[in-house]
Colleague: 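This is the structure, below, for whatever I ask next.
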Amino acid sequence: MVQNNKVFELINKEKQRQFEGLELIASENYVSEDVLQCMGSILTNKYSEGYPGKRYYNGNQFIDEIEIEAIERAKNLFKVNFANVQPYSGSPANLAVCFALLNLGDTVMGMSLDSGGHLTHGFKVSFSGSFYNAVNYGVDSNGYINYDEILSLAQKAKPKLIWAGFSAYSRILDWKKFREISDEVGAYLVADISHVAGLIASGVYPSPVGFADVITTTTHKTLRGPRGAMILSNDEEIAQKIDKAIFPGLQGGPHNHITAGIAVALKEASTDEFKKYSQQVVINAKKLAESLSNLGYKIISGGTDNHLFLVDMVSSVGLSGKEVGDILDSVGITVNKNAIPNDGRKPWDPSGIRIGTPALTTRGMKEKEMEIVAQFIDRAIKNSKNKEEMEEIRREIVNFTKVFKIPGIQ
Ligand code: DSN
């Protein structure tokens, strides 16, 4: 690595932060060395607007083969007929679906942000809530989706497209019910599986294939690939519209180094080892939620069926999600502040935090370690004003993390 360069010094500091900390952000993970190698490769040098066999620039014979490999692996892993692996990330992928299937001003429906939905599913400050007429559904007082409520909202609003997916919902989505609601009102059903793609690939979370018209996903969360996205479908006409929406509609040259990383990650995700990993992600999330609940913390919906859960910090300890996030950060535990259902507080200072286990599970942590992590969280929150105790917790965390390796970090 280049010496005396500020950026490389900062990368080394970030490496150390990742190694000596407990990463609990539900959307983050650690990629393999092979995926890292693809992302740092010379594939970044090449322009290849278009699709395999139909490029605007010459010299794409190997890039074509890499993209075809990524497409085939995506089709095989998720059991679909069409895959576009070029979206730069999740939000552009969702924008491309809207660009392909909707006209400006059409009505869309998605889960509200404070119930666990995503910005691109119809939040007012996003393109999805400003270019389109967005109607949001929420969750009931127990934190569960109410499908009767979605149906009655859909019957009134008559959306052209319904989003099913989340960034902070800890339960199983009933894809069949979403299909029935969409059929009832004649809407496209789009499943955004960004958070659970790895769990779906491993068969530990139900697949929307056979129910959704389109599936979007990022590739860097539970799927443990590079920072990118894919759009999947079984409908040829929709797939063609999506290809056109990605290029030339919205994007330029694909990020070929990322496409290669996606291909490698998809192969990794097809192994028995990855399946065991995904099973452990869910076991760990359940254990961590249970351990925190035993320590008196209020878990939204009472637990989790996937890799994440929300904790209502205002009810649990009288602190906001932001305050708790900052306290935990100071000892090397990384979470994100998060709205909880029907949150009365603002998004930048909400009532809860979101916790997820994909990253710690990649490091090899299991149930025993989840109990220890819960203790660290509890001690830090309860001793946040005691400087010496906080320094001691920080030292213990650095020591605790040492034996759990991260690919690419010695
Ligand atoms: N930022 C992602 C997450 O944390 O869930 C969603 O885009």
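Atoms within a ligand are numbered from 1 in the order they appear, just like the ligands themselves. As the structure is a computational prediction, the values presented were derived from the model and not from experiment.
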Colleague: Give the numbers and elements of all ligand 1 atoms closer than 4.0 Å to a heavy atom of H118.
Modeller: 6 (C), 7 (O)
Colleague: Out of the candidates S115, S351, P341, S170, only one should pair with I300 under the side chain to side chain contact (heavy atoms under 4.5 Å, CB included) rule; please name it.
Modeller: P341
Colleague: So which atom in L104 and which in Y132 form the shortest heavy-atom distance, rounded to 0.1 Å?
Modeller: CA-CE2, 4.1 Å
Colleague: Within less than 4.0 angstrom of ligand 1, does H195 place any heavy atom?
Modeller: yes
Colleague: What part of R354, side chain from CB on, backbone N/CA/C/O, both or neither, has a heavy atom under 4.0 Å from ligand 1?
Modeller: side chain
Colleague: Which of the atoms in ligand 1, numbered in the order shown and given with their element, are less than 4.0 Å from a heavy-atom of S167?
Modeller: 5 (O)
Colleague: To check your reading of the model: name the closest protein heavy atom to atom 2 (C) of ligand 1, its residue, and the distance in Å.
Modeller: K221 CE, 3.9 Å
Colleague: Is a donor from one side chain sitting under 3.5 angstrom from an acceptor on the other, for R354 and S27?
Modeller: yes
Colleague: So, is S27 polar-close to ligand 1, with some N/O to N/O distance under 3.5 Å?
Modeller: yes
Colleague: Looking only at heavy atoms, what is the nearest atom pair of I406 and Q18, with distance?
Modeller: CD1-O, 3.5 Å
Colleague: Is the F376 to F400 ring centre distance short of 6.0 Å?
Modeller: yes
